[in-house]
Q: 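Right, I'll just put the structure down here and ask away after.
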Amino acid sequence: QVQLVESGGGLVQPGGSLRLSCAASGSIFSLNTMGWSRQAPGKERERVATIIYGGSTSYADSVKGRFTVSRDNAKNMVYLQMNSLKPEDTAVYYCNALIRANLYWGQGTQVTVSS
């Protein structure tokens with residue numbers, strides 16, 4: 001019904017930057033909340049960033065000041081700009097969408113921070 005496809009992951013050195021993109025398609029409604037979560041092996045999935053339709057954002061304390069989430073509503077795109085990356089940021093990053101009380105995830109994109 002709703003498809004989310006993440007892209008932009010890869011290998012980056014500590015202190016580097018990476019931008020993740022999420023393309024949403026299908027039954028997309030104008031009023032929704034988007035966000036990013038991540039999960040590393042052996043750890044719980046962690047919410048990283050959330051952005052509502054109007055643009056207000058919130059971040060996990062672990063990424064606050066380093067990550068920025070944004071969206072292009074006309075294109076149904078959501079982005080996560082990641083700066084000052086740390087090894088502990090290594091995880092599979094998932095795009096999330098809350099649409100009419102239904103929660104969706106993409107397949108994820110791997111981000112590896114290593115020197």
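Model, not experiment: these values are computed from the prediction. In what follows, every heavy atom counts, from backbone to side chain, and hydrogens, waters and symmetry copies are set aside.
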Q: With side chains defined as the heavy atoms from C-beta onward, is the minimum distance between Cys22 and Met77 less than 4.5 Å?
A: no
Q: Where is the tightest heavy-atom contact between Leu4 and Ala24, given as atom of each residue plus distance?
A: CD2-CB, 3.5 Å
Q: Under a 4.5 Å side-chain heavy-atom rule over Ile, Leu, Val, Met, Phe, Trp and Tyr, are Val63 and Val12 clustered together?
A: yes
Q: State the OG1-CG distance between Thr50 and Leu98, to the nearest 0.5 angstrom.
A: 9.5 Å
Q: Of all heavy-atom pairs between Arg47 and Gly35, which one has the smallest distance, and what is that distance?
A: NH1-CA, 4.0 Å
Q: Under 6.0 Å from the CD atom of Gln110, do we count more than 12 heavy atoms belonging to anything else shown?
A: yes
Q: Is the Lys NZ or Arg CZ of Arg38 less than 6.0 Å from the centre of Tyr94's six-membered ring, within 45° of the axis?
A: no
Q: Determine yes or no for a side-chain-to-main-chain donor-acceptor pair under 3.5 angstrom, with Ser21 supplying the side chain and Tyr79 the backbone.
A: no
Q: Could you walk me through whether Trp105 and Ser37 pass side-chain contact (heavy atoms from CB on, under 4.5 Å), step by step?
A: CA-CA 9 Å; Trp105 287 268; Ser37 62; 4.1 Å; yes
Q: Using 0.5 Å steps for rounding, measure from the CG atom of Leu80 to the OG1 atom of Thr68.
A: 8.0 Å
Q: Below 4.5 Å, heavy atoms only, C-beta onward: do Asp89 and Val111 meet side chain to side chain?
A: no
Q: For residues Ser70 and Gln81, is any side-chain donor paired with an opposing acceptor at under 3.5 Å?
A: no
Q: Is the side chain of Asn83 donor-acceptor paired with the backbone N or O of Phe67 at a distance under 3.5 Å, no angle test?
A: no
Q: To the nearest 0.5 angstrom, please state how far the CH2 atom of Trp36 sits from the CE atom of Met82.
A: 8.0 Å
Q: Would Gln13 and Ser114 satisfy side-chain contact (heavy atoms from CB on, under 4.5 Å), going step by step from the backbone distance to the final call?
A: CA-CA 5 Å; Gln13 294 185 6; Ser114 179; over 6 Å; no
Q: Where is the tightest heavy-atom contact between Ala40 and Ala91, given as atom of each residue plus distance?
A: N-CB, 3.9 Å
Q: Measure the spacing between CZ of Arg45 and OH of Tyr93 and express it to the nearest 0.5 Å.
A: 13.0 Å
Q: Closer than 3.5 angstrom, by distance alone: can the side chain of Glu6 be matched with the main-chain N or O of Gly108 as a donor-acceptor pair?
A: yes
Q: Any side-chain heavy-atom pair from Leu85 and Leu18 closer than 4.5 angstrom?
A: yes
Q: Has the side chain of Arg71 got a donor or acceptor atom that lies under 3.5 Å from a matching backbone atom of Ile52?
A: yes
Q: Is any side-chain heavy atom of Tyr53 closer than 4.5 Å to a side-chain heavy atom of Asn73?
A: yes
Q: Enumerate the residue pairs fulfilling salt bridge (Lys or Arg N to Asp or Glu O under 4.0 Å) with a member in residues 48-65, sequence neighbours excluded, ordered by first and then second residue.
A: Asp61-Lys64
Q: What verdict does the side-chain contact (heavy atoms from CB on, under 4.5 Å) test give for Gln39 and Val92, after you've listed the backbone C-alpha separation in whole Å, the side-chain angles of each residue and the deciding distance to 0.1 Å?
A: CA-CA 5 Å; Gln39 188 167 32; Val92 177; 5.5 Å; no
Q: Should Tyr59 and Val69 be marked as a side-chain contact (heavy atoms from CB on, under 4.5 Å) after you check the CA-CA gap, both sets of side-chain angles, and the distance that decides it?
A: CA-CA 9 Å; Tyr59 300 90; Val69 61; 3.5 Å; yes
Q: Is Val2 close to Ile99 at the side-chain level, that is, under 4.5 Å between some pair of heavy atoms?
A: yes
Q: Under a plain distance cut-off of 3.5 Å, with no hydrogens placed, do Ser25 and Gln3 share a side-chain donor-acceptor pair?
A: yes
